[in-house]
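As C-alpha cells, the structure follows; a few thoughts come after it.
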There are 2 protein chains.
Amino acid sequence: MELLLIGEVANAAGVSVDTIRHYERVGVLRDVARDASGYRRYPPHTVERVRMIRRALTLGFTLDELSRIFRQRAAGKPPCREVRALADRKLAEVEERIAALTTVRAALVDTLSSWDDRLRDTPDGAFANLFETLMEETK
Amino acid sequence: MELLLIGEVANAAGVSVDTIRHYERVGVLRDVARDASGYRRYPPHTVERVRMIRRALTLGFTLDELSRIFRQRAAGKPPCREVRALADRKLAEVEERIAALTTVRAALVDTLSSWDDRLRDTPDGAFANLFETLMEETK
DNA sequence: GTAGGCCATGGAACCGGTTCGAGGGTCAAG
DNA sequence: CTTGACCCTCGAACCGGTTCCATGGCCTAC
C-alpha cells in the first residue's frame, strides 16, 4: 500500500498541513511512521479519520474530548456509553445556543424597526442617538 | 451630584471593575475625572451606559465596533445610517448562525439515533466504534 | 498603627482551533 | 548547482471579551 505525505493527506481532507500536525500533537491523530527523511507517511484511511474529526468538531465536540475518547479506546476501555452521553450534552448545548440566538434575533429585529422609526424623523446629518434607545427595550 | 466610584458603577451595572477599566481602555467608556487620590469618579448615568454596552454586545456588536461608533459620534459625524446598516449585518449573521446550528442539531439528532441503534446491538464492554459511523452521514 | 477594603497600573492568562514564523533538511527537475 | 516544492521542529500569534497578577497608594475603623 502506498503511504501518503502529510500534504497529500491535508489536501485530500481539505485542511492545512499545520492542522494535521496539530491534530497529532493534541492526540486525535496518532503518531505515524516516518520515512528515511523523517517525513510522516500516512496510511490512506487517515484521510477518513481527519474528515471524521472535522465532522465531530462541527457537531460540537472539542479536540480535547476526542483525544480523551480515542485514548480511552486505545486503552481497551470502550467509551461508547460515555460518548453517547456526551453527544446528548452537545445536543442540549446546541439547542440552548439556538434558543439564545433566536432571542437575540427577535431583539435585533425590534431594534431595527425602532431605529427605522427614529431615522425617519431624523434629518440627514443629525444625531439619531440610536444606541440610547437600547435600554428601554431591555425590560 | 454625587460621583460614583468604579466599584459602585460595576456593582450597579452587574460587571466587574476590571470590565469597566477594560471598556475605558478600548474606548467605549470615555476617560473620566479623577479625585484627589487618583480614583475614577463617574457620573451616575455611566451605569446606564455600561448596560447599553452590554446589551449591544449581546446583540452581536463588538467592543471595537462600538468604540468606532462612539468615536465617530464624538467627532460630530452622526454614524446613524452606518449603525443601522451594521445592525442589519448583525441580523444576517445571527440568522446564518441559527441556520448553521439548526443543521448541526439535525445532524446530532440523526447521529444519536444511529448510535442508539448500534448500541442496542453492542454488548456491554464491547466496542461500538460510534465515531466510525460519522462519515456515512456526511453525504 | 495596623487590618481590611477600596482604588491604581501594565501586562499576561484564559478559551479552542488554526495559522504563522524562523531556521533548516530533502528531493526532483532543469 | 540552483530553483522550487515539499518536509521538519518548536514556539508564538491570532480572535474578543474577561479575568487575574504583582505591586503599590488611599482611607476608615478599631
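Residue numbering restarts at 1 for every chain, and letters A, B, ... go by the order of the sequence lines. Computed from heavy atoms alone, side chains included, the values below leave out hydrogens, waters and symmetry copies.
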Nearest-Å distance for atom pair CZ/C1', residues B/Arg41 and D/dC27: 12 Å
B/Leu4 has an atom CG; how far is it from atom P of C/dC6, in whole Å? 15 Å
Check B/Asp64 with B/Arg68, please: is the shortest side-chain N to carboxylate O separation under 4.0 Å? yes
Distance check needed: D/dC8 C1' versus A/Tyr42 OH, whole Å only. 11 Å
Nucleotide N/O to protein N/O under 3.5 Å, stretch nucleotides 1-5 of chain D:
none

What's the shortest heavy-atom distance between A/Phe70 and A/Arg49, and which atoms? CD1-NH2, 3.2 Å
For a quick test of reading the model, state the closest non-hydrogen atom pair linking A/Val9 to A/Leu4 and the distance between them. CG2-CB, 3.8 Å
Considering heavy-atom distances to DNA chain D, does B/Asp64 or A/Ser37 have its closest nucleotide positioned more toward the 5' end? A/Ser37
Give A/Arg34 one of three labels, base, sugar-phosphate or nothing, depending on what nucleic acid heavy atoms sit under 4.0 Å from its own. sugar-phosphate
Most 5' of B/Gly7 and A/Ala36 on DNA chain C, judged by nearest nucleotide: B/Gly7
I need the CD-P distance between A/Glu8 and D/dC7, as an integer number of Å. 7 Å
Mind jotting down which residue pairs meet the side chain to side chain donor-acceptor pair (under 3.5 Å) criterion with at least one end in residues 14-25 of chain B? Sequence neighbours excluded, please. B/Ser16-B/Thr19, B/Tyr23-B/Arg54, B/Glu24-B/Arg40
Got a salt bridge between B/Lys90 and B/Glu65, using NZ or NE/NH1/NH2 to carboxylate O under 4.0 Å? yes
Taking ring-ring contact (aromatic ring centres under 6.0 Å, His included) as the definition, give me every residue that meets it alongside B/Tyr42, ordered by chain and number, with sequence neighbours left out. none
What is the distance from CD1 of B/Ile6 to C1' of C/dG5, rounded to the nearest Å? 15 Å
Within the structure, does a side-chain N or O atom of A/Arg40 lie under 4.0 Å from either OP1 or OP2 of D/dC7? no
Rounded to the nearest angstrom, tell me the gap between atom CD in B/Glu93 and atom C1' in D/dG16. 14 Å
Please state how far atom CD1 in B/Ile53 lies from atom P in D/dG16, giving the value in whole angstrom units. 17 Å
Sub-4.0 Å heavy-atom contacts from residues 14-29 of chain B onto DNA chain D, ordered by number: B/Ser16, B/Asp18, B/Thr19, B/His22, B/Tyr23
Give me each pair satisfying salt bridge (charged side-chain N to carboxylate O under 4.0 Å, His left out) with a member in residues 5-17 of chain B, each pair once, sequence neighbours excluded. none
Residue pair B/Ser114 / B/Arg118, side-chain donor-acceptor N/O under 3.5 Å: no
For residues 92-105 of chain A, pull every pair meeting side chain to side chain donor-acceptor pair (under 3.5 Å), keeping only residues two or more places apart or in separate chains. none
